[in-house]
Amino acid sequence: MAVPFHPPVKRSVEIAGHKTSISLEPVFWDMLKERAAADGVPINALVARIDAERLEAENPPGLAGAIRVWLVSTKP
């Protein structure tokens with residue numbers, strides 16, 4: 001795993017056929033990769049699932065924040 005104190009890294013993902021960039025710290029990219037593998041889905045599919053859940057919220061957070069919160073608040 002990467003050193004926990006590192007600036008965010010920007011990567012492109014595709015959600016519903018649209019490309020977008022997400023900036024996350026390496027530790028969260030590592031967690032996202034591990035969760036996607038554990039669920040047997042590509043990272044894009046997991047991000048799309050998280051995006052759909054966040055959009056159902058009364059006050060949807062930004063996507064990067066939603067990913068961080070989802071990763072630390074859900075169990076594999």
Side-chain angles (χ1 to χ4, degrees):
M1 177 150 51
V3 176
F5 303 111
H6 190 283
V9 175
K10 185 179 282 194
R11 295 191 181 156
S12 294
V13 295
E14 190 171 316
I15 303 170
H18 300 284
K19 289 191 178 189
T20 190
S21 295
I22 302 171
S23 293
L24 294 172
E25 294 76 9
V27 67
F28 288 108
W29 283 117
D30 291 344
M31 292 171 69
L32 192 60
K33 182 179 175 182
E34 290 169 10
R35 289 296 299 275
D39 289 358
V41 298
I43 289 176
N44 286 345
L46 183 55
V47 170
R49 184 183 342 163
I50 295 167
D51 186 48
E53 289 179 20
R54 85 173 173 102
L55 292 174
E56 293 176 5
E58 187 173 324
N59 293 306
L63 181 55
I67 291 170
R68 289 181 187 97
V69 170
W70 188 90
L71 286 169
V72 299
S73 65
T74 61
K75 301 289 182 193

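Every value quoted in this text rests on a predicted model; they were computed, and no experiment measured them.
Shortest non-hydrogen contact noted between Ser21 and Ser12 is OG-OG, 3.8 Å. For the pair Thr20 and Ile15, the tightest heavy-atom approach, listed with the atom from each and the gap, is CG2-CD1, 3.9 Å.
For the salt bridge (Lys or Arg N to Asp or Glu O under 4.0 Å) test, no residue two or more places apart in sequence or in another chain qualifies with Arg35. Residues passing the salt bridge (Lys or Arg N to Asp or Glu O under 4.0 Å) test with Arg11, sequence neighbours excluded: none.
Taking NZ from Lys19 and CG from Asn44, the interatomic distance works out to 9.0 Å, rounded to the nearest 0.5 Å. For the atom pair Ile22 CD1 and Ile43 CD1, the distance stands at 10.0 Å (nearest 0.5 Å).
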Test log, rule side-chain contact (heavy atoms from CB on, under 4.5 Å), inputs Phe28 and Val9:
CA-CA 10 Å; Phe28 288 108; Val9 175; over 6 Å; no
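Put simply, Val41 and Leu24 are part of the same group of oily side chains (I, L, V, M, F, W, Y) that touch within less than 4.5 Å, one to the next.
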Donor-acceptor list for residues 50-68 side chains, cut-off 3.5 Å, not counting sequence neighbours:
residue : atom : partner : partner atom : Å
Asp51   : OD1  : Arg54   : NE           : 2.7
Asp51   : OD1  : Arg54   : NH2          : 2.9
Glu53   : OE1  : Trp70   : NE1          : 3.3
Arg54   : NH1  : Pro61   : O            : 2.7
Arg68   : NE   : Glu25   : OE1          : 3.0
Arg68   : NH2  : Ser23   : O            : 3.3
Arg68   : NH2  : Glu25   : OE1          : 3.1

